[in-house]
Amino acid sequence: MDATQLLKGVLDVAVLAVVEDEDGYGYDVVRRLRAAGLDEVGEASVYGTLRRLYSGGGLTSYVVPSEEGPHRKYYGITPQGREMLSNQRKIWADFAQTMDQLLKGAAA
Amino acid sequence: MNTSTIDQIDQFAADVRAALADLPADEVEELTEGLEADLAEALAEDLARELPNATDYADELRLAAGLPKSQPAKGRLAAIAAEFSSGIGDFEARLRRSPATSASLDFIASLQPAWWVVRGWAAYQTFQLAFGHGGADLLPHEAKGWALLALMIGGSIFVGKRIWPKWLQVPIWFGNAFAVLMTFVALGALPSNFEMARAFDSSGQGGYSDGSTGVLLDGHEVTNIFAYDKDGQKLANVQLFDQDGNPLSTSAPDNSGCLTFEPETDDCQTPGVWVSTTLETGAQAWNVYPLSMVESSPVDPSMPLPEAKAQERPAPFIKVPAVLLAPQKPATAGQVATDPAADGGDRQ
């Protein structure tokens, strides 16, 4: 098992979590995820996830023109996104606890 | 960041978009907006990094966004289309390598919406030629025509905004080529329509001083008029007026023409400008025939040469048959001529 496989299932909640407090553009979100320890996260996966969360109503987006180069597309969380995040936090906490216990039990 | 890196990023982004081309255009736009900025930043942060494979990248993007996998093109037409568009792509990539041609490409790309409008207009012109009543005008005159034009432009924008499957791109290319052709055809018919509209306007308003003058014969502009008297001898300084008393002016003031032509090619050898005639009131008249011409500067054909003198234009006939002035019998021809109601009614 490798971490990239695990990551796929939780990328949504991870992305929502890093834009919870501050809006971010594509690469900015990648950088936050990597800074949090998810080194293996693929850029295209993050951008695709942002797009899907946006289509699902969890994120808003706006374009900020840049004078020196191409413009940036920022994403921000919506109330619906916050709701999704809080639900998934609970689900994750339960799941992680279950897995912790299971793996501890298996090790014992 | 240097130019070649920017070019590489642009090329990569273009390849990614091409790999997503089976998706609706707005979806591709949403998915890849800001891609260049993100890539530039990622590359700036890690200079040793190389750009990934565009197709793999597009697949990852697609998968994460929950969009369907790309459909491989099928059939022979699709294969031809794929080859054709990859040839275009290669050509574009070659042009992109130089900053100058790359900038030109960007400029051309920025004109795309205008092209959509022109293409819609060309479709309207085609429709008018095929199903309309005779010649097409530049723009419609009635609500129905405007609605048709709006529909055509809307359709053209729809075709332009969407990214079509490869097998549909070849017919669109042919359609575009046809639209370009139609645009030239329609614009070629334009000057005569325009002149007619001008002549119509000036006769309708009864005015001439605004410069909107002109006389047409069978749709062609009359540039000069030669009058002959009852003996068939050429007359000079004949003042002509229309039925409403408007001066009959063939050319607007400052209208340039041609003084002498190349004998073989009929191209203009010496440019010239028409000159007006001064009336006793001091006014300049343009309805005194035949008009003379003064040689003008080859650089600016509307500027007469300082030393040049007005020259008479060669008359089409030295002499024409004299008019028979014998008293006419009250025959059928005389009947029509003496019936002003029948003659003048529809000649306005």
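Below, chain A is the first sequence line, B the second, and so on; all start at residue 1.
- Each of Ala65(B), Gly34(B), Pro52(B) has some count of heavy-atom pairs under 4.5 Å with chain A, and the biggest count is that of Ala65(B).
- Proximity to chain B involves both the backbone and the side chain of Arg52(A), based on heavy atoms less than 4.5 angstrom apart.
- Proximity to chain B is limited to the side chain of Val63(A), based on heavy atoms less than 4.5 angstrom apart.
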Apply side-chain hydrogen bond (donor to acceptor under 3.5 Å, both in side chains) to the pair Glu41(B) and Tyr25(A), showing each step before the final yes or no.
CA-CA 11 Å; Glu41(B) 198 170 334; Tyr25(A) 54 89; 2.7 Å; yes
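- Within 6.0 Å of atom CZ in Phe95(A), 12 or fewer heavy atoms from other residues, nucleotides or ligands are found, so the atom counts as exposed in its surroundings.
- Residue Tyr74(A) does not touch chain B at all, counting heavy-atom pairs closer than 4.5 Å.
- Within a 6.0 Å radius of CD in Glu20(A), more than 12 heavy atoms belonging to other residues, nucleotides or ligands are found.
- Remark: Ser55(A) OG to Leu67(B) CG distance equals 7.5 Å, nearest 0.5 Å.
- With hydrogens and angles ignored, the 3.5 Å screen pairs a side-chain donor or acceptor of Lys73(A) with a backbone N or O of Glu30(B).
- The minimum heavy-atom distance linking Ala64(B) with Ala44(A) is given by the pair CB-O, 4.2 Å.
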Quick one: do Glu43(A) and Asp38(B) satisfy side chain to side chain contact (heavy atoms under 4.5 Å, CB included)? Show the steps, please.
CA-CA 9 Å; Glu43(A) 284 159 42; Asp38(B) 287 332; over 6 Å; no
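- Put simply, of Leu61(B), Asp59(B), Val16(B), the one with the most heavy-atom pairs under 4.5 Å next to chain A is Leu61(B).
- In this structure, Thr32(B) OG1 and Tyr47(A) OH are separated by 12.0 Å, a value rounded to the nearest 0.5 Å.
- In terms of non-hydrogen atom pairs under 4.5 Å with chain B, the most contact-rich of Gly56(A), Ser61(A), Gly26(A), Gly42(A) is Gly26(A).
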